[in-house]
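Note that these values count all heavy atoms, side chains included, but never hydrogens, waters or copies made by symmetry.
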Amino acid sequence: MPELPEVEVSRQGLLPYLPGQRLLGAIFRTPKLRHALPGELAARLAGLRVDAISRRGKFLLFDCQCASGGGWLILHLGMSGSLRLVDPGTPAQKHDHVDLVFSSTVLRFRDPRRFGVLLWHEGSTVDRHPMISVLGIEPLSDEFDDDWLYAATRRRATPIKPLLMDSHFIAGIGNIYAAESLFRAGISPLRAANRIGKERYRHLVAAIRSTLQSAIAAGGSSLRDYAHSDGGLGSFQLSCRVYGRPGEPCMRCNKPIRAVRQAGRSTFYCPHCQR
DNA sequence: CGTTACCCCTGGAGGC
DNA sequence: TGCCTCCAGGGGTAAC
């Protein structure tokens with residue numbers, strides 16, 4: 001399941017190959033992806049050059065410009081999406097929904113559960129797209145620190161864990177990394193956000209940073225050759241200390257990990273170590 | 001405005 | 001073994 005680190009590693013893996021390449025076109029095998037308009041998109045893309053690839057939260061942003069103007073491809077991998085670079089003519093398999101065709105390679109998007117998103121935004125900037133403009137702070141940016149988090153939570157009575165996962169608040173923290181970061185910071189996922197002090201938020205910011213960055217590092221080190229690796233990006237998910245381990249002993253205190261539901265999502269934590 | 005329930009989708013796991 | 005149900009995930013939308 002791609003979270004921010006997987007998306008970032010995907011971006012880094014594509015950087016040696018795509019920027020500077022010109023799109024010949026696109027092939028859509030699935031009539032309707034979420035929010036996408038495949039027909040129009042396929043026609044619009046031909047002739048554009050990918051100038052840069054950036055990331056916002058879990059969105060990959062392909063800057064596709066040309067002399068007569070261009071726009072941005074906005075891609076979200078959902079929960080089961082993956083990208084790979086294949087040679088032209090490589091047969092598509094089940095769930096291979098979209099090909100972005102370049103002269104010497106093809107960027108292939110596979111997404112079995114089809115929660116992914118592929119959108120086009122006309123123009124030179126993507127900041128004002130309705131799905132991008134509403135995104136919250138980047139958790140790996142310098143602006144994200146204990147001062148920011150403390151101030152931003154003073155009027156939020158919601159439990160901290162669903163707030164961490166709210167992409168309008170912080171962009172890119174999913175269920176797994178929210179649980180793992182809270183465990184490392186020793187904060188209960190049930191605690192109201194406005195009842196956590198600045199010192200504890202300092203620990204949480206550090207935990208979020210280190211959890212995300214170590215996952216990116218792990219992915220980067222496992223990423224040898226994006227173009228020729230068969231499986232695209234392997235799952236390089238960090239080894240979880242609480243996520244998916246209900247009933248198992250806490251690695252710190254040996255008491256059992258508890259599972260609860262918050263806002264419709266499962267939450268795993270150690271009631272003894274996390275307060 | 002803040003918060004929650006539900007929906008989209010498919011495959012895998014577990015029960016019978 | 002096969003069929004059924006449940007669950008996972010992110011983010012939009014509707015509703016409270």
Exercise for review: Please determine if a side-chain N or O atom of A:His76 lies less than 4.0 Å away from the OP1 or OP2 oxygen of C:dG11.
Suggested key: yes

Review point. The helix from B:dG2-C:dC16 to B:dC16-C:dG2: angle between its terminal axes, five pairs each, to 10°?
Key: 50°

Review point. With respect to the phosphate group of B:dC9, does any side-chain polar atom (N or O) of A:His95 fall under 4.0 Å of OP1 or OP2?
Key: no

Check your understanding: Can you find a donor-acceptor pair, distance only, under 3.5 Å between A:Arg265 side chain and C:dA8 base?
Key -> no

**Study point:** Along DNA chain C (nearest heavy atom to each residue), the more 5'-positioned of A:Val134 and A:Arg261
**Key:** A:Arg261

Practice item. Please determine if a side-chain N or O atom of A:Thr158 lies less than 4.0 Å away from the OP1 or OP2 oxygen of B:dT4. Key: yes

Exercise for review: Ignoring backbone atoms, establish whether A:Arg113 has a side-chain N or O less than 4.0 Å from OP1 or OP2 of B:dG11.
Suggested key: no

Point to revise | Any donor-acceptor N or O pair under 3.5 Å, side chains A:Gln262, A:Thr267 | key: yes

Practice item. Grab the CZ-P distance between A:Arg154 and B:dC1 for me, whole Å please. Key: 21 Å

Review point. With ILVMFWY side chains joined below 4.5 Å, transitively, what does A:Met251's cluster contain besides itself?
Key: none

Practice item. Check whether any side-chain N or O of A:Ser266 sits under 4.0 Å from OP1 or OP2 of C:dA8, and answer yes or no. Key: yes

Practice item. Can you figure out which of C:dG12, B:dT3, B:dC9 approaches the side chain of A:Phe115 most closely? Key: B:dC9

Check your understanding: Would you say A:His168 reaches C:dG12's phosphate, i.e. side-chain N/O to OP1/OP2 under 4.0 Å?
Key -> yes

Exercise for review: Return the value, rounded to whole Å, for the distance between atom CZ of A:Arg110 and atom P of B:dT10.
Suggested key: 15 Å

**Study point:** OP1 or OP2 of B:dT10 under 4.0 Å from side-chain N/O of A:Lys94
**Key:** no

Practice item. Could I get the full list of salt bridge (charged side-chain N to carboxylate O under 4.0 Å, His left out) partners for A:Asp147, not counting sequence neighbours? Key: A:Lys198

Exercise for review: Starting from C1' on C:dG11, measure out to CG on A:Asp111 and report it in whole angstrom.
Suggested key: 14 Å

Check your understanding: Taking only residues two or more places apart in sequence, or in another chain, which ones meet A:Glu122 in a salt bridge (charged side-chain N to carboxylate O under 4.0 Å, His left out)?
Key -> A:Arg44

Review point. Base, sugar-phosphate alone, or nothing: which one does A:Arg155 contact when heavy atoms must sit under 4.0 Å apart?
Key: nothing

Point to revise | A:Arg156, nearest nucleotide to its side chain (from C:dG12, B:dC9, B:dT3) | key: B:dT3

Point to revise | A:Arg49: partners by side chain to side chain donor-acceptor pair (under 3.5 Å), with sequence neighbours left out | key: A:Asp51

Check your understanding: Which whole-number value in Å describes the distance from A:Ile176 CD1 to C:dG10 P?
Key -> 7 Å

Check your understanding: Please give, in whole Å, the distance from C:dG11 C1' to A:Ile170 CD1?
Key -> 16 Å

**Study point:** 5'-most by nearest nucleotide on DNA chain B - A:Asp166 or A:Pro112
**Key:** A:Asp166

Revision key, fill the gap. A:Ser124 and A:Trp72 have their tightest heavy-atom pair at O-NE1, 3.0 Å

Exercise for review: Take atom CZ of A:Arg56 and atom C1' of C:dG10, then tell me their distance rounded to the nearest Å.
Suggested key: 16 Å

Exercise for review: Take the protein atom CG of A:Asn194 and the nucleotide atom P of B:dT3, then report the distance between them rounded to whole Å.
Suggested key: 9 Å

Check your understanding: Is the A:Tyr201 ring parallel, tilted or perpendicular to the A:Tyr150 ring (thresholds 30°, 60°)?
Key -> perpendicular

Review point. A:Ile173 CD1 to C:dG11 P: how many Å, rounded?
Key: 11 Å

Check your understanding: Can you list the residues that meet the side chain to side chain donor-acceptor pair (under 3.5 Å) rule with A:Asp63, with sequence neighbours excluded?
Key -> A:Gln65

